[in-house]
Every structure is written in structure tokens, then in C-alpha cells.
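In listed order, ligands and their atoms are each counted from 1.
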Amino acid sequence: MIIQLQQGIPATVKENILQQVKSVGFKANEVQTQEGHYIVGIGKKDFDIRTLGQLPGVADIHRVSDEYKLISRKWKVNPTLIDLGDGVQIGEGTFSIMAGPCSIENEKQIELVVQHLKENNVKIMRGGVFKPRSSPYAFRGLGLEGLRMFHQICRENGIKIITEVMQVSQIEDMLDFVDVFQVGARNSQNFNLLDALGEAQKPVLLKRGISGTIEELLQAAEYIFSNGNEKIMLCERGIRSYETAYRNVLDLNAIPVLKAKTHLPVIVDPSHGIGLRDHVEPMSLAAVMAGADGVIYETHQKPEEAFSDGQQTVNFKESERLIKRMRQAFELRERF
Ligand code: PEP
Ligand code: MN
């Protein structure tokens, strides 16, 4: 059960509601975000929710039987729209494109990508400065210094930044330089990190774990929301299977299923999803038609020279075509 509280209610009024929730046999969890004030009731007992709904201080009450509550579509009237400022919004009804290299490499590379994005009216650039790599000997990113450079060039050009945070201790240092924190597949169930991002008050793109179920992804998102941050988007980036012909299996099923279960925006990462640059375009278009609210993909001026993930990275010419086609596909979908 979710109880939406009226904003700014006196402590005594809130205490009374908490007491009443407990008296019907539910555990009461209070959640305060920048957007709202809630009590999440956990319990199984059946009772007439109107008894609580009539209490002073209660704005609305909803029965949500899923394991995840606050991110469920069952209670929220409007889907979540994430505002990055300067007219850049992510969520249902819009189509967001986030593109850039796997790793931030140097100033020249950032400038070239920024130029490419501006020419194509793309407002959000991706690029990792802290890279989770399977081998400790692979390039692991430029770190904070790289982020500062990334930030400065993007700010000068009106481009928003999405970049991966790998551990709690990095959040504070990164906060002023990012627009969206990315939680990578390997950290999808790093609950300490999710807790901390709940307190960070910056939008978060949460990737599905390498072998993560939909339920696990949703529960991970609930960690962030229940710690105070409603600005979450979910990212399908492919799951591991027995198949070796491609890097992962991009699970297109996840798109309509997630959209039905949650009010959060759903973003698709076809680059990691298939891992082969020649097939990024068809999978992106399929994602658009399946209902994705956005696509995040890897592009680089010379993919064959990229420090990481070159095999799945498209060049600028391919990227331009991809952008055009995704926008056409989105327009078509909206007309259905
Ligand atoms: C990335 O976005 O470059 C990345 C490492 O993604 P994932 O966590 O999905 O593997
Ligand atoms: Mn990558």
C-alpha cells in the first residue's frame, strides 16, 4: 500500500497516520523525495483502505500488491518525466537519444563527438570515465580529471552528460559534473550504491544486470526511489545466454513488460545488447517500435581506434543515419 501524504503536514498528523497503518498490521516506511511524501505500507492483511484514506493529512491511498511499490505503475497517475533542464526531458511521449563513446579518451575526441551531436540535435552525451572492465589490464577510464574536461566541453555546447558511477565514494566528487548517473550492469544490485544514489538528487539510469530478471531490476529501482530519488530510468542492455554469435541477447520483451509494470522511462542500449556495430541500427529501430522512451548507444569518430568497445561502436556517418531513422520510427509509432 502507498499513502501519499499532503505536503508539509505537522508531525503529529503524520504520527497518527503511521500509528493507524501499524494498527491494521502493516509495517510503515516513510519516504520523502523532492517530489512527494509517502508512507509505504508492507503487509498482507486485507482491510478497507478507505479507513486510512479518510485520515487527516492523507492525499491519496493505493493498494499495490507487487514487491516493488513506489515505482509501480499501479498508483501513479502520470508516467515519470525527468527534466534535465534547458528543455531536455526524458519519459513517455518523448524520445531521447543519448550517444557517445564507450570511454572518454581525450579532449579532441569529446569535441568531435559534441560537434557530431550538435549537428544532429542530440542533447545528451554518454561516455565513461570510470570503466568496469572484465580485465584489470584494460583501459579503465580517465577518472575525475576526464570528467571535468567532459563537463567543461559539454557545458560550453549545451550538451547534457550521462556517465557511469561505480562506487559510493565517487558520487560526491562527480555530482557537480553529471546530469545523469549511470549504474552499470555489474552494479545493478549494488544496494549500497543504489541507497546512496537515492539520496543524491540527480537522475539515475539503472541498467539491468547481466543475468538480472525484470523483477530484480524493478526491486533495484525501488531502492533508489525509497531512499528519496524519483528521477530514475530503467535500461535494457541485453542479458547473458548460451549464445555466442553476439555479445548479449537484447531482450526486447523487456520494453513493453517494463512499461506495463512501472511509470519509469525505459531506455534501450543496443550497443551492449548485441555487441556488433553492423546490427545496432535494426535493434535500435526494433526498440523504438517496441515502445522504448529512448536509446543510448556508442559512437566514436574512429570506432576501430576506440579505447573500449570499438566492435559495437558506430561511426558518425552510421550514427547520423541511425538518429534520422530512429526519429522517423518514433514518429510512425506515435501515429499508430
Ligand atoms: C557502458 O555503458 O559502457 C557499460 C559498461 O555498460 P554495461 O554496464 O551495460 O555493460
Ligand atoms: Mn561500452
Side-chain angles (χ1 to χ4, degrees), residues 96-105 109-110 113 124-136 138-143 146-147 150 160-167 170 174 178-190 193-194 197 203-214 216-217 220-221 224 232-241 246-252 254-255 258 266-277 279-280 283-284 287 292 294-315 318-319:
S96 300
I97 298 177
M98 311 176 203
C102 179
S103 302
I104 294 299
E105 298 170 3
Q109 175 221 32
I110 304 168
V113 175
I124 309 169
M125 177 164 163
R126 62 145 290 146
V129 294
F130 296 110
K131 296 302 302 177
R133 302 305 301 278
S134 300
S135 162
F139 177 64
R140 293 171 72 181
L142 296 182
L147 181 58
F150 186 13
K160 305 290 178 191
I161 289 177
I162 172 166
T163 193
E164 178 162 355
V165 57
M166 285 180 63
Q167 57 189 45
Q170 292 164 347
M174 293 175 75
V178 308
D179 298 291
V180 180
F181 279 115
Q182 174 176 319
V183 176
R186 292 154 193 81
N187 262 321
S188 194
Q189 286 188 302
N190 178 340
L193 182 62
L194 301 177
L197 287 168
V204 177
L205 176 137
L206 173 64
K207 288 197 168 194
R208 182 176 181 182
I210 288 173
S211 304
T213 64
I214 297 286
E216 285 165 340
L217 176 62
I224 302 173
I232 311 160
M233 53 201 113
L234 303 175
C235 181
E236 164 57 39
R237 50 77 74 198
I239 45 176
R240 181 164 287 176
S241 85
Y246 26 83
R247 184 174 180 180
N248 290 302
V249 177
L250 184 66
D251 180 11
L252 293 172
I255 304 165
L258 286 172
V266 175
I267 309 296
V268 171
D269 176 347
S271 306
H272 294 85
I274 191 159
L276 301 164
R277 73 166 76 98
H279 306 312
V280 165
M283 298 318 290
S284 302
V295 164
I296 182 167
Y297 69 93
E298 292 179 337
T299 187
H300 188 283
Q301 71 277 16
K302 281 201 181 130
E304 50 297 335
E305 289 176 17
F307 287 11
S308 56
D309 282 352
Q311 79 291 344
Q312 64 191 34
T313 300
V314 296
N315 65 29
E318 291 158 339
S319 172

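For the pair H279 and Y246, the minimum side-chain heavy-atom distance is 4.5 Å or more. Two residues are said to be in side-chain contact when any heavy atoms from C-beta on lie closer than 4.5 Å; N187 and M166 meet this criterion. Side-chain contact between M98 and K160 is absent, with no heavy atoms from C-beta onward closer than 4.5 Å. Within the 4.5 Å cutoff, the side chain of I296 has heavy atoms near those of the D269 side chain.
Atoms CD1 and CD1, on I161 and I104 in that order, are 7.5 Å from each other to the nearest 0.5 Å. Interatomic distance, K131 NZ to D309 CG, rounded to the nearest 0.5 Å: 6.5 Å.
Relative to atom 3 (O) of ligand 1, the option among R133, K131, R247 with the closest non-hydrogen atom is K131.
Geometrically, ligand 1 and E164 share no nitrogen or oxygen pair separated by less than 3.5 Å. On a distance-only criterion, H272 and ligand 1 share at least one N/O pair closer than 3.5 Å. Considering both main-chain and side-chain atoms, D269 never comes within under 3.5 Å of ligand 1 through any nitrogen or oxygen pair.
Set against the non-hydrogen atoms of E298, the atoms of ligand 1 under 4.0 Å away are 3 (O). Those atoms of ligand 1 with a heavy atom of G184 less than 4.0 angstrom away are 8 (O). Close approach of ligand 1 to C102 (heavy-atom distance below 4.0 Å) involves ligand atoms 3 (O).
When only non-hydrogen protein atoms are considered, atom 6 (O) of ligand 1 lies nearest to K207 NZ, 3.0 Å. The protein non-hydrogen atom at the shortest distance from atom 10 (O) of ligand 1 is R237 NH2, 2.8 Å. Shortest contact from atom 8 (O) of ligand 1 to any protein heavy atom: A185 N, 2.7 Å. Regarding atom 2 (O) of ligand 1, its nearest protein heavy-atom neighbour is R126 NH1, 2.8 Å.
When only modelled atom types and interatomic distance are considered, H300 and E305 share no side-chain donor-acceptor pair under 3.5 Å.
Considering just the N/O/S atoms of D309, the one nearest the Mn ion (ligand 2) carries the name OD2. If you look at E298 and ask which of its N, O or S atoms sits nearest the Mn ion (ligand 2), the answer is OE2.
L217 and S188 make their closest contact through CD1-OG, 4.4 Å (heavy atoms, listed as atom of the first residue, atom of the second, distance).
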- Message: Assess the residue pair H272 and K207 against the criterion (side-chain contact (heavy atoms from CB on, under 4.5 Å)); give the C-alpha distance rounded to whole Å, side-chain angles, the decisive distance to 0.1 Å, and a yes or no.
- Response: CA-CA 11 Å; H272 294 85; K207 288 197 168 194; 3.9 Å; yes

